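Notes follow once the structure below has been shown.
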Amino acid sequence: MLSKLFQKIKALGKKRLVIHAIIVVVIIALVITGIVFLLQKDQPVKSGSEGSSITNPEISPSNRYEPYAEESSSTPEYDVKTSGDYDYADVEGGAIILKYNGNKKDVTLPSQIENKPVVEIGNDIFDSDTRLENIVIPSTVKKINDYAFQYAGIRTITIPDSVISIGKGAFKGCAYLNGVKIPNSVQILGAGVFSECSSLSDVTLSNSLTEISNDLFYECVALDSISIPSNVTRIGNYAFSACSLKTVSIPDVVTEIGDHAFAFCEQLESVQFSESLVKVSEFAFHFCKSLKSVKLPDSAKTIEQYAFYGCTSLSELDIASDAQVGKFALNETKYESQYK
């Protein structure tokens, strides 16, 4: 009797040991699965790279990656001083205005501070100053730094022909600014200088520009016409995305149109392409629903994926027979079946 009872207890112990072992194995498997999932979740998605696929071509411009917005503006260490309504510092050639301490809606910046010419306007000096309506920049200024007037309430601005460069996002989101003239002295316009200026409709660009920078007029929804300077060789990414342009003439020295450059320009009907054009980047004319004709020169050998996706009104197409046409470049057009 005792021997049989001992054997039963021993057998029961082995079953419990097996059950415990199975439970441990299941827990370990679940932990490993969770770790793998988290590692995969943190991996960046590479759009357009080899082996990748884009499952939703209807990318909203408001949800896109904005390269200039994620760059931090490095501000040098200054020996800050105060004179009247302004904080300033000494720089090579004169002074830089770092802060405005006043509260006027109409501001004429001084040409001199403590007998030193004002040569720069600092980063973020009027950032989100909604009281500011009109600003006059003196003829001593050579440089307007990053985000100097972003989201300010300015209606008008006078930029003198002493200015050589305007930093990224300098007038970003100035919703009441409806017109601006960039003098020919300006050689550099940073990324997104006028992005999200929703009332901007009258623009004169400097003839000294050689590039339309990334995001320059992104979401300028009132901008329905633009004259691109004849020396421009490249149109940057998202440069005119979501504008209201109706016609565009691209100078003959332009060799590349950046990705999303004219995407979501739903009123764009005609484009005069450069005779030197080599590359039309991905999504360049994505969802230009009113675009009727595309006549590319024989030099345009690269037409990337989704370049003319969703151009539903396209009725005339001229592309070099040996051009490399990316996938879905002409989907949602009458030419979809020819270029799959």
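Since we're looking at a predicted model, the values are computed, not measured. Excluded from the calculations below are hydrogen atoms, water molecules and symmetry mates; all remaining heavy atoms, backbone and side chain alike, are included.
Of all the heavy atoms in P297 and S274, the pair that sits closest is CG-O, 3.2 Å. F149 and C174 make their closest contact through O-SG, 3.1 Å (heavy atoms, listed as atom of the first residue, atom of the second, distance). Nearest heavy atom pair, residue D90 against residue K81, reads OD2-NZ, 2.8 Å. Counting all heavy atoms, side chain and backbone alike, S276 lies closest to S299 at C-OG, 3.7 Å. Scanning both residues, A242 and V221, for their nearest heavy atoms gives O-CG1, 3.7 Å. When every heavy atom of P183 is checked against every heavy atom of P160, the shortest pair comes out as CG-O, 3.2 Å.
One finds the CD1 atom of I188 at 10.5 Å from the CD1 atom of I166 (value rounded to the nearest 0.5 Å). We find the OG-NZ distance between S111 and K116 to be 15.0 Å, quoted to the nearest 0.5 Å. Atom OH of Y238 and atom CD of E219 lie 11.0 Å apart (nearest 0.5 Å). Once rounded to the nearest 0.5 Å, the distance linking CG of N145 with CD1 of I97 reads 11.5 Å. For the atom pair CD (E114) and OH (Y88), the distance works out to 4.5 Å, reported to the nearest 0.5 Å. With rounding to the nearest 0.5 angstrom, the OG atom of S195 is 8.5 Å from the CG atom of L216.
Remark: the backbone N or O of V163 is paired with a side-chain donor or acceptor of S185 at under 3.5 angstrom. Using modelled atom types, no side-chain atom of S270 and backbone atom of T247 make a donor-acceptor pair closer than 3.5 Å. In terms of modelled atom types and a separation under 3.5 Å, the side chain of D129 and the main chain of A152 share no donor-acceptor contact. Side-chain atoms of T130 never come within 3.5 Å of backbone atoms of G153 as a donor-acceptor pair (strictly under, hydrogens ignored). Between the S213 side chain and the L189 main chain, a donor and an acceptor come within less than 3.5 Å of each other. Judged by distance alone, with hydrogens and angles left aside, the side-chain atoms of S241 form a donor-acceptor pair with the main-chain N or O of A263 at under 3.5 Å. At distances below 3.5 Å, at least one donor-acceptor pair connects side-chain atoms of S199 with backbone N or O atoms of A175. The backbone N or O of L268 sits nowhere less than 3.5 Å from a side-chain atom of S290 that would complete a donor-acceptor pair. With hydrogens and angles disregarded, a donor-acceptor distance shorter than 3.5 Å links the side chain of N214 to the backbone of N237.
Checking Q267 against D224 by side-chain atom types alone, no donor-acceptor pair falls below 3.5 Å. Between T156 and N134, the side chains place a donor N or O and an acceptor N or O closer than 3.5 Å (distance only, hydrogens not considered). Checking N101 against D87 by side-chain atom types alone, a donor-acceptor pair falls below 3.5 Å.
Aromatic ring orientation, F287 versus F264: parallel (interplanar angle below 30°, classes split at 30° and 60°). Ring geometry, Y309 versus Y306: the interplanar angle falls from 30° to 60°, so the pair is classed tilted. Ring pair F273/F285 is perpendicular by interplanar angle, where above 60° counts as perpendicular and below 30° as parallel.
Side-chain contact between L277 and I250 is absent, with no heavy-atom pair separated by less than 4.5 Å. In this structure, F308 and I319 have side chains that are not in contact, with every pair of non-hydrogen atoms separated by 4.5 Å or more. Using a 4.5 Å cut-off on side-chain heavy atoms (C-beta onward), I157 and I137 make contact. Side-chain atoms of I144 and V193, non-hydrogen and from C-beta on, never get closer than 4.5 Å to each other. Contact of the V253 side chain with the N231 side chain is not registered, since no non-hydrogen atoms from C-beta on lie closer than 4.5 Å. Side-chain contact between Q150 and D124 is present, with at least one heavy-atom pair separated by less than 4.5 Å. In this structure, F328 and Q305 have side chains that are not in contact, with every pair of non-hydrogen atoms separated by 4.5 Å or more. Side-chain contact between L205 and I212 is present, with at least one heavy-atom pair separated by less than 4.5 Å.
The environment of CD in Q324 is sparse: at most 12 heavy-atom neighbours from other residues, nucleotides or ligands sit within 6.0 Å. Atom NZ of K99 has 12 or fewer neighbouring heavy atoms from other residues, nucleotides or ligands inside a 6.0 Å radius. Taking a 6.0 Å sphere around CD of Q112, one finds it holds more than 12 heavy atoms contributed by other residues, nucleotides or ligands. Under a cut-off of 6.0 angstrom, the local environment of OH in Y335 is crowded, with over 12 non-hydrogen atoms contributed by other residues, nucleotides or ligands.
Tracing side-chain contacts under 4.5 Å through hydrophobic residues (I, L, V, M, F, W, Y), one never reaches V136 starting from Y100; they form parts of separate clusters. Clustering ILVMFWY residues whenever any of their side-chain heavy atoms sit less than 4.5 angstrom apart, transitively, puts F217 in the very cluster that holds I228. The hydrophobic cluster containing V186 does not contain I164, counting ILVMFWY residues as joined when their side-chain heavy atoms lie under 4.5 angstrom apart, directly or transitively.
A salt bridge is absent between K172 and D215: the closest approach of a Lys/Arg side-chain nitrogen to an acidic carboxylate oxygen does not fall below 4.0 angstrom. Salt bridge annotation for D106-K104: absent, with no cationic side-chain nitrogen under 4.0 angstrom from a carboxylate oxygen.
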Report task. Determine, stepwise, if the pair L317 / T333 fulfils side chain to side chain contact (heavy atoms under 4.5 Å, CB included). Result -> CA-CA 10 Å; L317 179 67; T333 76; over 6 Å; no
Requested in this report: Evaluate the criterion side chain to side chain contact (heavy atoms under 4.5 Å, CB included) for residue pair Y147 and N123; output intermediate values, then yes/no.
Outcome: CA-CA 6 Å; Y147 308 113; N123 295 348; 5.9 Å; no
Requested in this report: Please test F240 against L245 for side chain to side chain contact (heavy atoms under 4.5 Å, CB included), starting from the C-alpha separation and ending with a verdict.
Outcome: CA-CA 8 Å; F240 297 99; L245 299 173; 3.9 Å; yes
Query raised in the report: After noting the C-alpha distance and the side-chain angles of L109 and I135, does the key distance pass the side chain to side chain contact (heavy atoms under 4.5 Å, CB included) rule?
Result: CA-CA 8 Å; L109 296 176; I135 183 82; 3.9 Å; yes
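Sequence neighbours left out, the pairs with a member in residues 200-211 that pass side chain to side chain donor-acceptor pair (under 3.5 Å) are E211-R234. Judged as a salt bridge (Lys or Arg N to Asp or Glu O under 4.0 Å), the pairs with a partner in residues 296-321 (not counting sequence neighbours) are, in order, K279-E304, K295-E316, K301-D322.
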